[in-house]
There are 2 protein chains.
Amino acid sequence: MNQTVAVDNRRAELVRVAARLFRERGFDGTTTRDIAEAVGMRSGSPFYHFKSKQEILAAVMEEGLVAGLPAAEAIAESALTPRQKFAALVRAHLEIVLGEGHDFIPVLLYDWRRLTPELRSRVQVLRDRYDQLWQDVVSELLAAGLLRSDSAVARLLLMGAINYSVLWYKPGLGLNLDQIAEEAVSMFLGPQP
Amino acid sequence: MNQTVAVDNRRAELVRVAARLFRERGFDGTTTRDIAEAVGMRSGSPFYHFKSKQEILAAVMEEGLVAGLPAAEAIAESALTPRQKFAALVRAHLEIVLGEGHDFIPVLLYDWRRLTPELRSRVQVLRDRYDQLWQDVVSELLAAGLLRSDSAVARLLLMGAINYSVLWYKPGLGLNLDQIAEEAVSMFLGPQP
DNA sequence: CCTACCGATCGGTAGG
DNA sequence: CCTACCGATCGGTAGG
């Protein structure tokens with residue numbers, strides 16, 4: 001219809017391809033030339049869509065958060081029991097961290113430090129919303145007596161355990177995502193009552 | 001006495017300074033010129049001591065592992081109860097991950113992927129020894145009925161929770177290392193019997 | 001370990 | 001989005 005759609009498509013393509021490359025090789029291990037080539041552009045053309053390489057990085061992270069938030073919000077606001085909410089949140093989180101084709105959040109976990117302070121603040125807004133959902137569910141667990149710990153530290157340790165899996169999980173080897181989620185929940189909360 | 005000592009001192013100095021810079025700025029965010037300048041050398045001189053920048057990175061990681069192994073081994077081989085061993089291991093690990101002046105293991109956690117495959121294999125030998133100590137203690141916890149989970153996944157989740165703290169812990173804010181260690185142990189194992 | 005340097009890479013830009 | 005390019009940086013090396 002108009003050119004905006006085409007331009008947006010190209011931009012979205014750059015973000016998607018950049019996510020994959022950043023995840024595989026890291027932010028510093030990927031050049032803007034790599035990204036351009038992977039979408040069939042010339043080396044300077046990504047800068048028509050983004051002001052800097054770091055802006056691409058921020059866009060990757062924001063897209064991952066925006067894509068992941070609705071599912072997490074639905075879980076947090078559902079009528080499930082605290083334990084069920086937690087189990088669902090763990091499973092959903094494992095999916096966006098380890099699932100096939102999910103490159104965005106791993107990039108966030110790997111290369112958060114490469115963002116400039118300004119961009120970090122911008123992305124942090126979305127990150128805070130995601131963290132708050134976890135905080136709410138962890139608070140429910142504590143209120144229900146299912147977890148004993150300082151609430152803020154508990155959340156950080158729990159999310160750390162899950163997030164860190166991006167460094168050791170290999171698809172096809174050992175447990176699958178459902179099984180890892182089960183192991184994690186039962187380890188943190190004890191066996192099902 | 002002889003020149004070997006002086007040369008070794010310079011080399012050790014490079015490793016120590018590189019550890020600090022790599023931790024603060026990341027491997028790719030640090031140039032060999034930064035490292036040279038920080039020890040008072042000219043830009044090319046680090047390559048008299050190391051074949052490549054990656055060799056410096058490997059040396060940093062190996063030094064961290066060699067320094068951390070004895071304490072962990074002493075704990076694993078001690079006569080403590082499984083719960084006490086685990087608590088001691090968590091506390092010792094938090095120290096080398098978060099403690100002031102401990103830059104080596106954070107570099108390992110941040111920049112493991114920047115090692116070439118060959119160097120990664122070399123460092124992995126030491127890493128395996130460290131991981132095995134954790135595996136042994138986790139197995140003892142399982143045997144004692146203090147943890148319910150698949151043993152390998154349990155270890156990875158536990159170590160992930162601790163290791164990931166390198167991304168959120170800020171000295172002087174919130175809990176100190178002793179308190180975080182206590183929170184972690186009680187969250188994973190439940191309240192003390 | 002220094003001097004002096006290279007060769008390549010890379011993010012980014014002007015102008016169309 | 002392409003062409004053509006710059007300016008700086010950086011790991012690494014030869015020779016002493």
Side-chain angles (χ1 to χ4, degrees), chain A residues 1-22 24-61 107 111 113-120, chain B residues 1-22 24-61 107 111 113-120:
Chain A
M1 212 57 110
N2 57 37
Q3 196 168 337
T4 310
V5 174
V7 167
D8 283 358
N9 281 346
R10 287 304 263 166
R11 190 192 142 100
E13 222 176 316
L14 280 167
V15 173
R16 184 161 32 80
V17 164
R20 180 171 53 78
L21 294 175
F22 286 161
E24 290 170 358
R25 315 175 190 177
F27 178 72
D28 288 308
T30 307
T31 68
T32 56
R33 284 167 166 78
D34 293 335
I35 298 168
E37 191 186 16
V39 299
M41 285 179 183
R42 298 303 180 127
S43 67
S45 301
F47 296 98
Y48 169 74
H49 295 277
F50 295 93
K51 280 193 309 190
S52 69
K53 187 186 176 189
Q54 312 243 1
E55 288 275 359
I56 305 179
L57 180 62
V60 167
M61 294 178 179
V107 171
D111 282 317
R113 297 208 304 176
R114 312 318 289 175
L115 287 176
T116 60
E118 299 77 42
L119 289 172
R120 206 177 302 166
Chain B
M1 216 61 102
N2 55 38
Q3 197 168 334
T4 308
V5 175
V7 167
D8 284 358
N9 281 347
R10 287 306 261 167
R11 190 192 143 101
E13 221 176 316
L14 281 167
V15 173
R16 185 161 33 79
V17 165
R20 181 169 54 77
L21 294 175
F22 287 160
E24 290 170 359
R25 315 175 190 176
F27 178 73
D28 288 308
T30 306
T31 69
T32 55
R33 282 167 168 77
D34 293 335
I35 297 167
E37 190 185 18
V39 300
M41 285 179 185
R42 297 304 180 128
S43 66
S45 299
F47 296 97
Y48 169 75
H49 294 278
F50 295 93
K51 280 195 308 193
S52 69
K53 188 186 177 189
Q54 311 243 2
E55 288 276 359
I56 304 179
L57 179 61
V60 167
M61 294 178 179
V107 170
D111 283 316
R113 297 208 304 174
R114 313 319 288 177
L115 286 177
T116 60
E118 299 77 43
L119 288 172
R120 206 175 303 164

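From a predicted model like this one, the values you see are computed outputs, not experimental measurements. Chain letters run A, B, ... following the sequence lines, proteins first, then strands; residues in each count from 1.
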A:R113, CZ atom: more than 12 neighbouring heavy atoms under 6.0 Å: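 It does: A:R113 CZ has more than 12 such atoms within range.
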Across the strands shown, which category fits B:T31 at heavy-atom distances under 4.0 angstrom: base, sugar-phosphate, nothing?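 Sugar-phosphate contact only - B:T31 comes under 4.0 Å of backbone atoms but never of a base.
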Can you find a heavy atom in the side chain of B:I56 that is under 4.5 Å from one in the side chain of B:L14?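 B:I56 does not reach B:L14 side chain to side chain.
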A:T32 side chain near A:F50 side chain, heavy-atom distance below 4.5 Å: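 No; the side chains remain at least 4.5 Å from each other.
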Taking atom [atom2] of [N] as reference, at what distance in whole Å does atom [atom1] of [X] sit?
X: A:R25; N: C:dC10; atom1: CZ; atom2: P; result: 10 Å
X: A:L57; N: C:dG12; atom1: CG; atom2: P; result: 12 Å
X: B:K53; N: C:dA8; atom1: NZ; atom2: P; result: 20 Å
X: A:I35; N: C:dC10; atom1: CD1; atom2: P; result: 12 Å
X: A:E37; N: D:dC2; atom1: CD; atom2: P; result: 12 Å

Looking at [N], I'd like to know if its phosphate oxygens (OP1 or OP2) sit under 4.0 Å from a side-chain N or O belonging to [X].
X: A:R33; N: C:dT9; value: no
X: B:T32; N: D:dC10; value: no
X: B:R10; N: C:dC1; value: yes

Of the nucleotides C:dG12, C:dC5, C:dC1, which one has an atom closest to the side chain of A:F47?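 Shortest atom-to-atom distance from the side chain points to C:dG12.
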